[in-house]
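These notes concern the structure reproduced below.
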Amino acid sequence: MHTIICVKQVLDPEIPPAKFKIDPETKKVIPPAGVPPVISVFDERAVEAACRLKDKNKGKITIISMGSAKAADVVRHTLSMGADDGIVLTDDAFENLDSFGTAYVLSKAIKKIGAFDLVLCGRQAADWGAGQVGSILGEMLGIPIITLACNIEVTGQALKIRRIVRDGFEVLEAPMPSLITVSSEIGLPRLPGGMGLMMARRKVIPTWKAVDIGAEAAMLDKANSHTEVTGLSVPTRKSECEMITGVTLVEAAGNLAARIIKLV
Amino acid sequence: MSPVSATYWGISGYIIFWVFFVVAAGLFVQRTWFLFRLIRLGKPENRFDHMGQRINNMVREVVTQRCSLKSVTRKDLAGFGHAFLFWGFSLFFLSYIIFIGLAGGFGLASIILGGTFERVFSSILDIAGLFVTIAIVWAAIRRYIVRPARLQMSAEAGIIMGMVFGLMLLHFLGDGFGLASAGVTTSWPPISGAIARLLSGSSISNLTLKHVYYSLWWLHYFLILSFAVYVPRSKHMHILASIFNEIFIPLGQKVVIEPIPVEEQENFGISKIQDFTWKDLLDLYSCAVCGRCHASCPAQLTGKTLSPREVIHNLKEHLLEAGSALLTPQPVTAKDGQPKEMLGGVVTEPEIWACTTCGACQEVCPVGIEHVRKIIGFRRNLTMSQSKMPESAQLMLRNMQSRGNPWAGVQSMRLRGDWTSGLDLKILADGDTTDTLFWVGCTGALVERNVKATLAMAKVFKAAGVDFAVLGDAETCCGDPARRAGYDFQFQVMAEQNIEMFKSHGIKQIITSCPHCLNTIKNEYPQYGGEFKVVHYTEFIADLIKQDKIKLSNELNSTLTFHDPCYLGRYNHIYQEPRGILQSIPNAKLTEMERSKSSSFCCGGGGGLMWIEEQPGTTKISHMRLEDALKTGADTVVTACPYCLQMFEESIEHKGIQSKLKALDLVEIVEAAMKQS
Ligand code: SF4
Ligand code: SF4
């Protein structure tokens with residue numbers, strides 16, 4: 001079984017708000033100094049899902065990541081978790097692509113890799129959070145798409161997927177190959193073991209450019225982009241504190257209840 | 001005439017003597033050979049360097065009994081007992097060779113006995129015997145009547161004490177009857193002489209005296225042989241093993257954590273007997289189950305399941321049990337014949353994660369047992385081979401992996417390098433060089449309370465005109481929490497990166513504010529080719545004061561007590577510098593906690609436990625330590641480690657006694673005491 005996972009490197013979501021700066025002119029986030037990018041948390045869970053499948057059914061895991069050359073660090077992390085191969089897709093033309101453009105680049109890379117049984121993505125990226133690349137990619141690859149999976153099993157030639165819905169979950173069956181986006185409920189990603197870390201350090205991670213995957217220039221042209229960023233701002237958050245009192249505790253509780261009722 | 005030269009039921013005494021000797025020697029060798037073969041199950045480890053120095057160390061420790069005397073306190077005088085027992089018994093051992101072996105078995109009685117030599121030696125023996133008897137009675141009282149917590153009642157101890165008591169009794173009576181039957185009445189040797197005088201004055205016939213003497217002599221002989229056979233079969237094998245253990249103790253650092261051997265591929269750390277090195281196994285034999293480690297272990301004292309004594313003792317039992325199965329060539333097939341799993345069974349995970357690696361156990365252990373590296377070995381297996389660890393440990397390691405430091409979330413209110421803003425500091429950029437680096441450490445750079453101490457440090461160094469630089473946001477973790485948690489690959493990655501970086505900046509001297517950084521960079525980086533001069537800031541400041549570059553002239557009007565951080569004191573023997581600094585401040589009164597210097601009590605934050613949640617117990621380690629500080633009546637507890645500082649602050653707040661006791665880093669006091677110019 002060959003699983004391909006698309007992972008993204010993102011700004012560390014743990015950075016304190018004071019450190020988060022944007023440039024309103026170029027409408028871009030300014031990466032703070034001294035904070036290395038991390039793997040998008042949802043993608044890491046997709047890797048965990050794939051590793052669990054591999055633990056049970058054997059097979060191979062290939063990671064692709066589109067981004068700067070630094071994405072190699074993120075890819076290496078997934079290799080230490082248990083992935084077998086990793087590829088970084090880097091090209092000036094890949095910068096600032098929208099979901100559609102990103103899915104296109106990923107689909108070209110996947111086609112170059114060749115045969116596969118499953119493609120996994122995180123449910124969304126931890127930075128922009130659009131949650132579109134997975135679905136568009138499935139469309140481009142022409143395979144079934146299942147989103148928000150919280151459990152994946154292999155049953156013979158098919159996949160059994162438990163999928164999160166608003167009021168619970170549903171269980172679906174899908175053929176192979178399919179594309180599945182993985183939700184956080186799948187569980188905590190593993191800490192790489194000693195073996196994994198050792199293997200990952202030795203592996204070579206190739207870099208593919210636009211020409212390597214045969215991506216057409218027109219498809220990467222920003223002018224043809226389906227999305228336009230019209231503005232970017234850091235939301236301001238205001239908090240106020242109001243002390244609710246009463247002579248007795250019962251009275252204070254009553255006043256509190258009354259105040260809450262007014263709010264809702 | 002010696003009892004051996006007589007004939008018994010037609011059999012020569014010599015034959016009886018040697019037959020029993022050979023049988024006993026055979027049993028002795030059989031057992032010790034078995035024990036030796038078990039040790040050889042362990043992995044190789046080179047502890048054969050500097051043999052001269054090693055043997056010298058052993059002699060110094062054992063012959064002078066420093067090993068047991070070093071832990072004598074007003075409350076625990078047992079070390080004296082052991083020393084008297086050891087010296088006294090050594091004399092007896094010599095006497096067995098001379099009087100029983102040479103004079104008896106080899107028939108040299110006419111040369112050895114009857115002269116001044118015998119009288120002098122016997123007199124010495126009499127006095128030694130008295131000391132040994134007193135020591136044994138005292139030991140028995142301590143085991144069966146007023147038993148301190150560190151000791152366990154055991155049948156083995158009873159048998160051994162009975163045997164030694166019997167040997168002493170037989171010495172006195174045997175010699176007494178011997179002298180009486182020979183018609184010698186003398187006041188030297190004093191005790192057996194007195195017995196002899198008593199007997200001579202009685203109406204017992206000479207023949208009876210002689211018969212009783214012969215019987216006692218043989219009884220004595222058989223008891224000696226039984227003792228030799230029994231010792232290697234009991235916990236008293238420590239008598240033999242500890243002598244070797246003292247030879248092979250680590251020469252430099254007491255607690256050495258070795259890198260993962262390169263050939264290790266799948267099974268990391270320790271999960272079964274064969275994963276230990278031979279020295280680790282020798283350690284197990286050497287344990288006298290004296291319980292000193294048990295009585296100083298912060299985890300044990302705060303009600304956790306961990307007891308270093310039990311860990312070592314249980315591992316020994318396991319070795320003796322599982323080891324014999326490993327020695328037999330055919331594999332054990334019966335399922336129920338399988339010995340208990342070592343990791344998880346003999347030593348459990350809650351025990352392993354309760355250890356703060358404070359090193360108190362190793363410090364007090366009289367026989368040089370290395371507890372800490374065994375516990376870290378288990379952690380290595382859990383984290384790297386089995387991915388089994390408390391969630392808090394996983395979170396910390398994850399942060400180290402992706403963020404380069406163990407702190408995360410709301411804890412890291414500040415980011416690396418932020419603290420430098422507003423200070424005119426030399427921050428190393430790529431290509432910059434410096435001789436002296438101030439290595440801040442994660443906690444000092446990221447946690448608000450500790451950042452205050454870091455700022456004080458930078459100000460003190462600047463005021464003293466020190467030419468130094470910092471790494472700012474390029475600084476990552478030194479790797480200590482990963483190594484202590486057993487996740488050694490992460491440590492290795494960080495160590496290699498940091499060494500590379502130090503070299504690229506041409507750094508020669510590193511001043512650390514955290515004793516954990518000090519320990520890793522100074523003592524463990526050399527394992528990866530990083531040899532730098534590393535000093536703790538307390539050493540550095542003490543030096544600046546000596547050179548008159550810092551003057552502590554402001555009065556303090558405060559009573560201080562200094563808490564020795566484990567990694568500063570026990571791990572790096574820095575006890576005097578911080579005290580010297582504090583004492584040189586006008587009007588600062590320094591008081592000591594009862595547990596201080598090498599017997600300092602951990603704050604609870606070492607060994608990764610700053611992040612890994614404390615195992616359930618009766619109280620928190622830090623809360624127990626706070627009580628120690630309170631007992632001194634000091635108004636300020638001073639420390640020189642960011643973890644200790646946090647631990648104290650947390651427990652002071654928990655107890656709500658902020659107005660009674662403050663916790664400060666030593667550098668904050670230095671800053672306050674420096675003359676403002
Ligand atoms: S290192 Fe400290 S916590 Fe760990 S076993 Fe020894 S005394 Fe106990
Ligand atoms: S390990 Fe050392 S201190 Fe602990 S019981 Fe054994 S001999 Fe005593």
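Lettering of chains follows the sequences in order, A, B, ..., and the numbering in each one begins at 1.
The local environment of NZ in A:Lys27 is crowded, with over 12 non-hydrogen atoms from other residues, nucleotides or ligands closer than 6.0 Å. Counting heavy-atom neighbours within 6.0 Å of A:Met199 CE, excluding the residue itself, gives a total of 12 or less. Atom CG of A:Asp23 has more than 12 neighbouring heavy atoms from other residues, nucleotides or ligands inside a 6.0 Å radius. Open room surrounds CD on B:Glu500; 12 or fewer heavy atoms of other groups in view lie less than 6.0 Å from it.
Here the side chains of A:Pro192 and B:Gln401 are in contact, with some heavy-atom distance below 4.5 Å.
Both the backbone and the side chain of A:Leu191 come within contact range of chain B, with heavy atoms under 4.5 Å apart. Only the side chain of A:Leu188 comes within contact range of chain B, with at least one heavy atom under 4.5 Å from a heavy atom of that chain.
Among A:Val74, A:Asp12, A:Val38, the residue making the largest number of heavy-atom pairs under 4.5 Å with chain B is A:Asp12.
With sequence neighbours left out, A:Lys209 forms a side-chain contact (heavy atoms from CB on, under 4.5 Å) with A:Asp91, A:Val211, A:Asp212.
The shortest non-hydrogen separation linking A:Arg190 to B:Arg398 is O-NH2, 3.2 Å. Across every non-hydrogen atom of A:Met195 and B:Phe268, the tightest pair is N-CE1, 3.3 Å.
Judged as a salt bridge (charged side-chain N to carboxylate O under 4.0 Å, His left out), the pairs with a partner in residues 384-397 of chain B (not counting sequence neighbours) are, in order, B:Glu349-B:Lys388.
Between B:Gln492 atom CD and A:Met198 atom CE the span is 9.5 Å, to the nearest 0.5 Å.
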